[in-house]
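Everything on this sheet refers to the single structure shown next.
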Amino acid sequence: MTSSTEELLKRLGVSIDAGTLRLALTHRSYAYENGGIPTNERLEFLGDSILGFSVTDALYRDNPALPEGDLAKRRSAVVSTRALAGIGRSLGIGEYIYLGQGEKLTDGKNKASILADTMEALIGATYVSNDIETARQLVMRLIGPLLQDAAALGAGTDWKTSIQELAASRQLGSIYYAVEGSGPDHARTFVAVLRIGGTDYGQGAGRSKKEAEQEAAADAWRKLSAAGEASVPAESEAGL
């Protein structure tokens with residue numbers, strides 16, 4: 001790693017024992033190239049549950065009048081691959097992840113799916129090295145500020161419908177999503193590229209094809225809306 005783990009822990013504001021921290025930062029690409037050593041996927045699984053519960057609990061308590069559908073939309077926004085990857089980038093997590101040579105060559109440290117998965121693994125590692133309350137507090141420090149801006153993150157927004165309407169209004173051509181999956185069956189990640197009229201407009205990643213396509217549509221919509229010609233996407237029950 002290029003930076004000290006002490007700096008990483010300082011950024012996170014928690015203590016994690018050295019062995020658990022290294023495990024949380026070990027991507028499967030590195031593990032496979034080094035004799036099949038343990039990966040961070042079990043910690044990621046654990047962290048995902050802690051993240052989901054912590055956010056759900058906060059949303060439930062802080063929004064007593066909000067119906068279940070709206071609570072679910074806000075939760076989806078703040079625990080999405082895009083949101084977690086953004087937090088990971090702000091903390092510089094990519095510099096600490098153990099990656100295989102293939103991922104290094106393809107700038108894996110900046111891939112949304114890898115950053116999001118590592119963030120979840122770090123949450124799981126915080127729980128293992130401390131307790132549930134310490135892990136919950138970490139989640140709230142990282143995710144809490146986003147809960148007030150869930151709408152801005154696209155909570156409940158059907159980006160695929162929005163980009164389809166925008167492309168049609170500008171007569172940009174037909175829409176096509178090129179999706180590729182990678183990783184073992186139990187931990188697949190997908191990357192989608194949105195092409196409109198044969199031109200690439202957006203890219204997204206997720207743990208399902210549908211999520212990756214929504215991320216790509218959101219990316220394309222933001223780029224096209226930079227010209228100030230797009231209208232705000234309408235909310236939809238479709239979500240991700």
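Nothing here was measured: the structure is a model prediction, and the numbers come from that model.
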Donor-acceptor pair, [X] side chain versus [Y] backbone, under 3.5 Å?
{"X": "T199", "Y": "R195", "result": "no"}
{"X": "N63", "Y": "L59", "result": "yes"}
{"X": "T134", "Y": "N130", "result": "no"}
{"X": "T39", "Y": "R28", "result": "no"}

Return the [atom1] to [atom2] distance between [X] and [Y], rounded to the nearest 0.5 Å.
{"X": "S4", "Y": "E95", "atom1": "OG", "atom2": "CD", "answer": "12.5 Å"}
{"X": "S29", "Y": "N34", "atom1": "OG", "atom2": "CG", "answer": "9.5 Å"}
{"X": "Y30", "Y": "I37", "atom1": "OH", "atom2": "CD1", "answer": "5.5 Å"}
{"X": "I132", "Y": "Q137", "atom1": "CD1", "atom2": "CD", "answer": "10.5 Å"}
{"X": "L194", "Y": "Y201", "atom1": "CG", "atom2": "OH", "answer": "9.5 Å"}
{"X": "L122", "Y": "L9", "atom1": "CG", "atom2": "CG", "answer": "9.0 Å"}

Atom CZ of R42: over 12 foreign heavy atoms under 6.0 Å: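 Not buried by this count: 12 neighbours or fewer within 6.0 Å.
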
E133 atom CD: more than 12 heavy-atom contacts under 6.0 Å: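 Buried by this count: over 12 neighbours within 6.0 Å.
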
Polar side chain donor-acceptor pair, Y127 to R136, under 3.5 angstrom: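 Y127 vs R136: no donor-acceptor pair found between side chains.
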
Residue pair S182 / T189, side-chain donor-acceptor N/O under 3.5 Å: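 A donor-acceptor contact under 3.5 Å links the two side chains.
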
If every non-hydrogen atom of [X] is compared with every non-hydrogen atom of [Y], which pair is closest and at what distance?
{"X": "V79", "Y": "L84", "value": "O-CD1, 3.7 Å"}
{"X": "T20", "Y": "A125", "value": "CG2-CB, 3.6 Å"}
{"X": "M119", "Y": "G88", "value": "SD-CA, 3.8 Å"}
{"X": "I175", "Y": "A167", "value": "CD1-CB, 4.0 Å"}
{"X": "L115", "Y": "G94", "value": "CD2-N, 3.7 Å"}
{"X": "S129", "Y": "S15", "value": "CB-O, 4.0 Å"}

Who pairs with [X] by side chain to side chain contact (heavy atoms under 4.5 Å, CB included), at least two apart in sequence or on another chain?
{"X": "L23", "result": "P38, L43"}
{"X": "E68", "result": "A72"}
{"X": "A218", "result": "R82, W159, R222"}
{"X": "A212", "result": "F190, A192"}

Are any non-hydrogen side-chain atoms of [X] and [Y] less than 4.5 angstrom apart?
{"X": "V191", "Y": "V179", "answer": "no"}
{"X": "D57", "Y": "R61", "answer": "yes"}
{"X": "L147", "Y": "R74", "answer": "no"}
{"X": "T126", "Y": "L12", "answer": "no"}
{"X": "I97", "Y": "K109", "answer": "no"}
{"X": "R141", "Y": "V14", "answer": "yes"}
{"X": "I123", "Y": "L138", "answer": "yes"}
{"X": "L224", "Y": "I163", "answer": "yes"}

Could you state whether [X] and [Y] fall into the same hydrophobic cluster, counting links through intermediate Ile, Leu, Val, Met, Phe, Trp or Tyr residues with side-chain heavy atoms under 4.5 angstrom apart?
{"X": "I87", "Y": "L21", "answer": "yes"}
{"X": "Y60", "Y": "V78", "answer": "no"}
{"X": "F53", "Y": "V128", "answer": "no"}
{"X": "L166", "Y": "V193", "answer": "no"}

Partners passing salt bridge (Lys or Arg N to Asp or Glu O under 4.0 Å) against D17 (at least two apart in sequence or in another chain):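 For D17, no residue satisfies salt bridge (Lys or Arg N to Asp or Glu O under 4.0 Å) once neighbours in sequence are set aside.
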
What residues, two or more places apart in sequence or in another chain, satisfy side chain to side chain donor-acceptor pair (under 3.5 Å) together with [X]?
{"X": "D219", "value": "K223"}
{"X": "T56", "value": "R75"}
{"X": "S54", "value": "none"}
{"X": "T81", "value": "E211"}

H27/I114 under side chain to side chain contact (heavy atoms under 4.5 Å, CB included): CA gap, chis, key distance, verdict: CA-CA 8 Å; H27 186 257; I114 291 178; 3.7 Å; yes

Electrostatic pair K210-E213, nearest N-O below 4.0 angstrom: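 Salt bridge: no.
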
Residues in ring pair (Phe, Tyr, Trp, His ring centres under 6.0 Å) contact with Y177, at least two apart in sequence or another chain: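 Expected list: none.
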
Residue pairs involving residues 29-38 (criterion salt bridge (charged side-chain N to carboxylate O under 4.0 Å, His left out); sequence neighbours excluded):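 For residues 29-38: none.
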
Salt bridge (charged side-chain N to carboxylate O under 4.0 Å, His left out) pairs, two or more places apart, involving residues 96-108: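 Passing the test, one end in residues 96-108: E103-K111.
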
